[in-house]
Amino acid sequence: MPPYLAVTMKILVVGGGGREHALIWKLRQSPLVDKIWCTPGNSGISADVECLGSRADDVLSLLAIAERLRPDLTIIGPELPLTQGLADELTHRNLPVVGPSQRAAELEGSKVFAKQFMERHNIPTAGAYGVYDNAVDAYTALCSADWPLVIKADGLAAGKGVLVTSSPDSATAFIERLMEQREFGDAGRQVLFEEGLAGREISYIVITDGERISPLAPAHDYKRVGDEDTGPNTGGMGAFSLEGWLPPELEQRILREIVHPTIAGLAQEGRPYRGFLYFGIMLTANGPKVLEFNVRLGDPETQALVMRMDFDLADVLAQAAAGRLDPQSLRWYPGAGVCVVMAAEGYPGGPRTGDRIEGLAQAAALPGITIFHAGTRRDGDDYYTSGGRVLTVSCADNSLVSAGARCYDAVRLISFSGAHYRTDIGKDRGSTTLGGDRG
Ligand code: AMP
Ligand code: GLY
């Protein structure tokens with residue numbers, strides 16, 4: 001038994017999406033774990049572990065659950081309870097936790113804070129044009145904007161509060177939705193205008209105990225709803241993680257120019273960071289630049305990454321929570337992990353729910369396929385859709401092409417009325433690596 005563990009662990013996972021289902025799938029493989037609870041979970045997770053009812057945004061009830069169970073480790077999946085201070089409350093009660101404090105979580109909770117933080121610490125990012133707290137000023141600023149323009153709601157909007165556009169009409173309509181109709185509530189009280197960057201995007205996620213940093217394997221997320229990156233942004237429609245994708249010199253540059261200054265800057269500002277930190281990075285012709293921070297694992301990146309994890313996740317997370325992360329602990333299976341999200345009709349807008357899902361058992365029976373649930377509801381032996389991103393199909397194999405092909409074999413066996421998914425996950429990247437003139 002490692003020294004920071006007295007006995008096998010009881011773990012509480014907070015969240016109820018595909019990301020949490022994937023984490024739990026991996027945690028269940030650990031001999032160090034003897035009990036896992038999840039709150040609120042979902043109907044796929046409840047087939048694997050005990051789920052406890054609570055809303056992911058109800059910190060008081062999450063806290064009451066944690067106090068009653070006294071888990072050896074709590075892993076907070078989604079951003080909302082982190083920005084509401086759940087990790088701080090658990091720490092005050094001596095409950096070990098993976099997830100940053102409320103002050104550190106502001107990196108995701110406020111895009112204006114994140115931009116100013118990057119400016120303070122010289123972290124490369126898209127140039128900021130302005131911050132507006134009323135629609136009239138924002139409309140006026142459009143008259144002198146450079147295009148393409150990026151408009152961002154300051155607060156949390158489930159990946160849907162960003163518009164990249166060259167159209168003044170679309171920009172005007174988006175500002176109206178954010179600031180006048182308040183489609184994302186208070187998240188749209190302020191908006192940030194920034195420079196549009198071109199390049200390839202990577203999801204670079206690290207786990208840190210505040211001092212030591214272990215990068216996860218880099219991943220790529222497909223954010224737009226449609227093939228070939230068309231249509232509106234979503235929370236993510238699929239992802240891959242591919243061995244050798246990010247050239248080592250480019251990774252070193254990301255660590256040197258972005259990751260280390262971020263962790264050090266947070267500590268210096270009295271916001272020490274512990275947990276997963278996700279850097280959304282654009283590889284531009286002028287080097288890597290930060291698009292966004294997430295104070296958590298990505299969804300669906302996690303559903304691709306867990307397929308390649310060749311280490312004991314429970315052990316690594318216990319190390320991080322105890323402030324004694326061993327950066328040598330992470331190992332990755334070679335080849336590729338791929339995942340494809342199946343979404344409900346209407347997503348990323350208001351999804352239609354209640355459609356019966358067919359073919360789950362046949363798809364899950366295919367070799368190497370794992371299905372992670374998100375928006376599903378179980379009734380007897382049947383599953384029905386209950387959210388926008390319904391489920392994720394994941395697979396690992398020795399190449400991106402074969403892992404992707406195996407995912408799609410499974411996806412084609414699953415059906416529900418209005419189902420849609422991207423058909424190009426992993427396909428356009430072949431076995432190429434990044435870098436070259438971009439780094
Ligand atoms: P964010 O929530 O800030 O990551 O934005 C969501 C998505 O919008 C990113 O993953 C990018 O695809 C896109 N995006 C954000 N900022 C920019 C930018 N400055 N230039 C180009 N695309 C961007
Ligand atoms: N897939 C991007 C995110 O989790 O925000």
Side-chain angles (χ1 to χ4, degrees), residues 15 17-20 22-23 77-80 82-83 105 107-115 118 123-130 145-166 171 174 178 184 187-188 191-205 216 218-226 228-241 276-286 288-305 339-341 343 348 372 374 388-389 392 422 425:
R19 168 184 50 211
E20 288 75 24
L23 280 173
E79 60 277 17
L80 201 55
L82 289 166
T83 59
L107 267 193
E108 179 170 358
S110 166
K111 296 210 188 272
V112 173
F113 169 81
K115 185 63 70 183
M118 287 187 274
I123 294 164
T125 181
Y129 294 146
D146 286 332
W147 306 88
L149 176 68
V150 183
I151 302 177
K152 296 187 171 183
D154 178 47
L156 297 178
K160 296 176 228 162
V162 174
L163 180 75
V164 184
T165 185
S166 291
F174 191 60
L178 292 181
F184 300 109
V191 297
L192 168 71
F193 282 13
E194 71 178 35
E195 170 198 13
L197 297 176
R200 295 276 289 276
E201 259 186 84
I202 69 165
S203 304
Y204 196 81
I205 307 172
L216 308 193
H220 179 69
D221 176 23
Y222 292 72
K223 304 228 175 202
R224 301 292 189 105
V225 73
E228 290 171 19
D229 295 337
T230 51
N233 268 331
T234 68
M237 294 298 288
F240 70 74
S241 167
F276 290 104
L277 181 53
Y278 168 133
F279 300 80
I281 293 174
M282 188 76 93
L283 300 175
T284 75
N286 297 318
K289 297 194 181 190
V290 177
L291 297 173
E292 64 164 338
F293 296 109
N294 292 321
V295 295
R296 52 174 173 80
L297 282 165
D299 185 339
E301 288 92 330
T302 306
Q303 293 92 304
L305 285 166
C339 70
V340 177
V341 170
F372 298 119
R389 289 193 289 180
T392 313
R422 282 184 63 155
I425 308 297

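Note: hydrogens, waters and symmetry copies are ignored here, and every other heavy atom, side chains too, is used. Keep in mind that what you see is a predicted model, and the values were worked out from it rather than measured. Remember, it's 1-based here, ligands and their atoms both numbered in the order they're listed.
- A search for side-chain contact (heavy atoms from CB on, under 4.5 Å) contacts involving Asn233 returns Val162, Lys223, Arg224, not counting sequence neighbours.
- Inter-residue side-chain proximity for Leu178 and Leu163 is flagged as unmet; no heavy-atom pair is nearer than 4.5 Å.
- In this structure, Arg19 contributes its side chain and Leu297 its backbone to a donor-acceptor pair below 3.5 Å.
- Note that CG of Asn286 is 9.0 Å distant from CG of Leu197, once rounded to the nearest 0.5 Å.
- Note: Tyr204 and Tyr278 fail the aromatic proximity criterion, with ring centroids not under 6.0 Å apart.
- Remark: side-chain polar atoms of Arg389 are not paired, donor with acceptor, to backbone N or O of Gly17 under 3.5 angstrom.
- Contact record, Val225 with Pro348: CG2-CD, 3.9 Å, taken as the closest heavy-atom pair.
- Residues satisfying the salt bridge (Lys or Arg N to Asp or Glu O under 4.0 Å) criterion with Lys115, sequence neighbours excluded, are Glu194.
- Annotation: ligand 2 has protein neighbours Asp221, Lys223, Gly235, Tyr278, Asn294, Arg296, Gly298, Asp299, Pro300, Glu301, each with a heavy atom less than 4.0 angstrom from the ligand.
- Between Glu79 and Val295, the shortest heavy-atom distance links the atoms CB-CG2, 4.5 Å.
- For ligand 1, the 4.0 Å heavy-atom shell contains residues Lys111, Ala126, Val150, Lys152, Val162, Val164, Glu194, Glu195, Gly196, Leu197, Glu201, Lys223, Asn233, Met282, Leu291, Glu292.
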